There are 2 protein chains.
Amino acid sequence: MCAMPRVSEAHLAARRQQILDAARRCFMRDGFHNTSMQDVIAEAGLSVGAVYRYFKSKNDLITAIAESVIGDASTMFEELARHEPPLSPTEAVERAVTFVERETGPDGLLRIALQVWAEAMRDPALAEFVGNAYSRMRGHFVHLATRARDAGQLPADADVEAIGAVLFGMVPGYALQRMLSNGPDAKTYAAGLRTLVP
Amino acid sequence: MCAMPRVSEAHLAARRQQILDAARRCFMRDGFHNTSMQDVIAEAGLSVGAVYRYFKSKNDLITAIAESVIGDASTMFEELARHEPPLSPTEAVERAVTFVERETGPDGLLRIALQVWAEAMRDPALAEFVGNAYSRMRGHFVHLATRARDAGQLPADADVEAIGAVLFGMVPGYALQRMLSNGPDAKTYAAGLRTLVP
DNA sequence: CCTTAAAACGAATGCTCGTTCTTCTTTGAC
DNA sequence: GTCAAAGAAGAACGAGCATTCGTTTTAAGG
C-alpha cells in the first residue's frame, strides 16, 4: 500500500503558479478588494474547488501575491547592494529609479505594491512582513552611505542611518509620483538628484 | 406658500460633516473596502435614509473623504510655498516631513492618503483629482528650486522641474517609511537630508 | 394650531460575495 | 485492469452588502 501523491510535484507547483498568475492579473486590474474569488477562478480557467485546494482563503491568496511582489522588490535592492564595483549612493538611487520607471506601467509590480501598502494598514501580519522587508531595503542604503562616509564622500560624523533613509525614501517617492501624477522620467529625475547631491 | 428649507443651512452642513467625520474614522480604522455603509451609519448615529440623503452612494462618500484629505495636504504645501521669508528647498522639505510625522500616527491623515492612492489606481475620476493636486504640490517645490537657482544656490543650468520632483518625492517617501517600517523621526531625517544636500 | 414639505427612519430587497460540500474524474501503484 | 486516494468540479449556501422606498417625525410658515 502507499499514500503517494497522485500527481507530480511539478504539476502541483504549476497549478499553484497558474492561480497566482491569474490573481496577479486580476489584482493589478481591479485591486484586492474589487476582485472577487470568482474573478480569479475565471481568469485561471479553473473551478472553485481547484483554487480552494491551493489557497484556503482569499486572504491567503492576497498574502501570497503581496509577499511575491515585495520579494521581487527586495531582490532588486539586494542586487544593487551586491553590485561590483560598489555603487555610490546616487548611482544606486538612479538604478532603483530606473527599475521603478519600468514597473510603474499598467502592468508593473508597483501598482500591486501600492495595494499592498494600503492593505498593510489593516493586516498586522502583512504589516510585519512589509515592515521587515522595507527595513532590510533601507539597510542596504545605510550600508552604501556608510561606505561613502568611510571613503570621505560624506562628513566623518554623518548619520548614516538618516542618510540611508533619505536615499531609500526617494525610491517610493518617485514611484508615487509616476503612478499618481505624471512625474518626470527616470533619467530626468536622476539628473535632478545628481544636481542636488554633489 | 413657500419652498423654504425646513431646517437651517447650518444644520444641513453640520449633518453632512457628522457623516464625513464618522466615515473618516471608519475608513481610518478599516480602509475603504472593509468599511460597510452600515458601519458608517452606526458610527454617525444616524439612519440609513439620513446618510443616503447626503451622499448618494458609498463611492460619493469615499470621494468626498479623499478630496478632503488631499485638500488638507494641499493646504499644507501651499502654506510652505507662501511662507515669508521664503524657505530654502531643504527647509521646506524639513517642514513637510515634520507635518508628515504628525500625520502618520494611528489617526493621521496619511493613513487615509495611502488608501486614496490605492483607490486612484481604480477610479479614473479620483486619479485625475489626485494627479492634479500632486502636480500642484510638486509645482511648489519647483518654484522653490527656481528661487534657489536664481539665488545662486544651484547651478544656473539646473533642471528645476527635476529638482522640484526630487524634493517633493522625499515627502511621500518619508511618509511611507514611517507608516510601513519604523523609519527615523522627522528630526533625524531632516538632519540626514541636510548632510546630503549642502 | 394646522398644514406642508423636508428630513429622518428602518424594514425590505436583491444581489454578490467567500466558502463549503458532495460528486465526479484522474492518477499511478499493484 | 483494478482500486484507492487525491484532484478537480461546480452547485448550493448563508451572510453581508449597497441601496431603495414607503412611512413617520419634525419644524417652520401661515
Side-chain angles (χ1 to χ4, degrees), chain A residues 1-24 26-27 29-66 115 119 122-123 125-126, chain B residues 1-24 26-27 29-66 115 119 122-123 125-126:
Chain A
M1 76 127 310
C2 70
M4 283 196 60
R6 290 293 154 151
V7 295
S8 69
E9 205 69 31
H11 173 88
L12 291 174
R15 265 285 200 279
R16 198 186 145 86
Q17 196 55 50
Q18 176 182 357
I19 295 166
L20 284 172
D21 289 346
R24 196 183 268 232
C26 289
F27 291 157
R29 197 190 313 123
D30 300 320
F32 292 148
H33 297 290
N34 281 59
T35 298
S36 69
M37 285 302 271
Q38 293 297 340
D39 292 340
V40 176
I41 287 157
E43 180 83 25
L46 290 172
S47 66
V48 184
V51 169
Y52 271 88
R53 177 165 308 284
Y54 292 87
F55 297 92
K56 77 172 207 296
S57 71
K58 184 180 181 182
N59 213 63
D60 256 40
L61 199 45
I62 291 178
T63 303
I65 292 289
Q115 303 279 335
E119 191 66 11
R122 300 194 318 99
D123 179 340
L126 189 57
Chain B
M1 70 124 298
C2 71
M4 283 195 63
R6 288 294 154 150
V7 296
S8 69
E9 206 70 30
H11 173 90
L12 291 173
R15 262 303 156 60
R16 199 187 144 87
Q17 196 55 50
Q18 176 182 357
I19 295 166
L20 285 172
D21 289 345
R24 194 182 270 231
C26 289
F27 292 157
R29 196 190 314 124
D30 301 319
F32 292 148
H33 296 291
N34 279 59
T35 298
S36 69
M37 285 301 272
Q38 292 298 340
D39 292 341
V40 176
I41 287 157
E43 180 83 25
L46 289 173
S47 67
V48 184
V51 169
Y52 272 89
R53 176 168 307 283
Y54 292 88
F55 297 93
K56 77 173 208 296
S57 72
K58 184 180 182 180
N59 214 62
D60 256 39
L61 200 45
I62 291 177
T63 303
I65 291 290
Q115 304 278 336
E119 189 67 12
R122 302 193 319 99
D123 178 342
L126 190 56

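Every chain is numbered from 1 and lettered A, B, ... according to where its sequence line falls, protein lines coming before strand lines. Just so you know, these numbers come straight off a predicted model, no measurement behind them.
One can place CG of L46(A) at 20 Å from P of dA6(D), the figure rounded to the nearest angstrom. Per the geometry, CD belonging to Q38(B) stands 16 Å off P belonging to dA15(D), to the nearest Å. Protein atom CD1 of I62(B) is 9 Å distant from nucleotide atom P of dA18(D), rounded to whole Å. The nearest whole Å value for the distance from the CE atom in M37(B) to the P atom in dT20(D) is 10 Å. Protein atom CD of E9(A) is 13 Å distant from nucleotide atom C1' of dA6(D), rounded to whole Å. In this structure, CG of N34(B) is placed 15 Å from P of dC17(C), rounded to the nearest angstrom. When the C1' atom of dC17(C) is taken as reference, atom CZ of F32(A) falls 18 Å away, rounded to whole Å. When rounded to the nearest whole Å, the span between NZ of K58(B) and P of dT16(C) equals 16 Å.
Minimum heavy-atom separation, R16(A) to A64(A): NH2-CB, 4.4 Å. The nearest pair of heavy atoms linking A22(A) to V40(A) is CB-O, 3.9 Å.
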Tell me, with the steps shown, if Q115(B) and I62(B) meet side chain to side chain contact (heavy atoms under 4.5 Å, CB included).
CA-CA 10 Å; Q115(B) 304 278 336; I62(B) 291 177; over 6 Å; no

Run the side chain to side chain contact (heavy atoms under 4.5 Å, CB included) check on Q17(B) and L20(B) step by step: do they pass?
CA-CA 5 Å; Q17(B) 196 55 50; L20(B) 285 172; 4.0 Å; yes

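With no hydrogens or angles considered, no side-chain donor-acceptor pair links D60(A) and T63(A) at under 3.5 Å. Defined by atom type and a distance below 3.5 Å, a donor-acceptor pair is present between the side-chain atoms of E119(A) and H33(A).
Side-chain atoms of L12(A) lie closest to dG7(D) of the nucleotides dA8(C), dA18(D), dG7(D). Of the candidate nucleotides dA8(D), dG18(C), dT19(D), dA8(D) has the atom lying nearest to any side-chain atom of H11(A).
Contacts of H33(A) with the nucleic acid, taken as non-hydrogen atoms under 4.0 Å apart, are absent.
Partners of F32(B) according to the ring pair (Phe, Tyr, Trp, His ring centres under 6.0 Å) rule, which considers only residues two or more places apart in sequence or in another chain, are F27(B).
Non-hydrogen atoms lying under 4.0 Å from DNA chain C are contributed by V48(A), Y52(A), S57(A), all within residues 47-57 of chain A.
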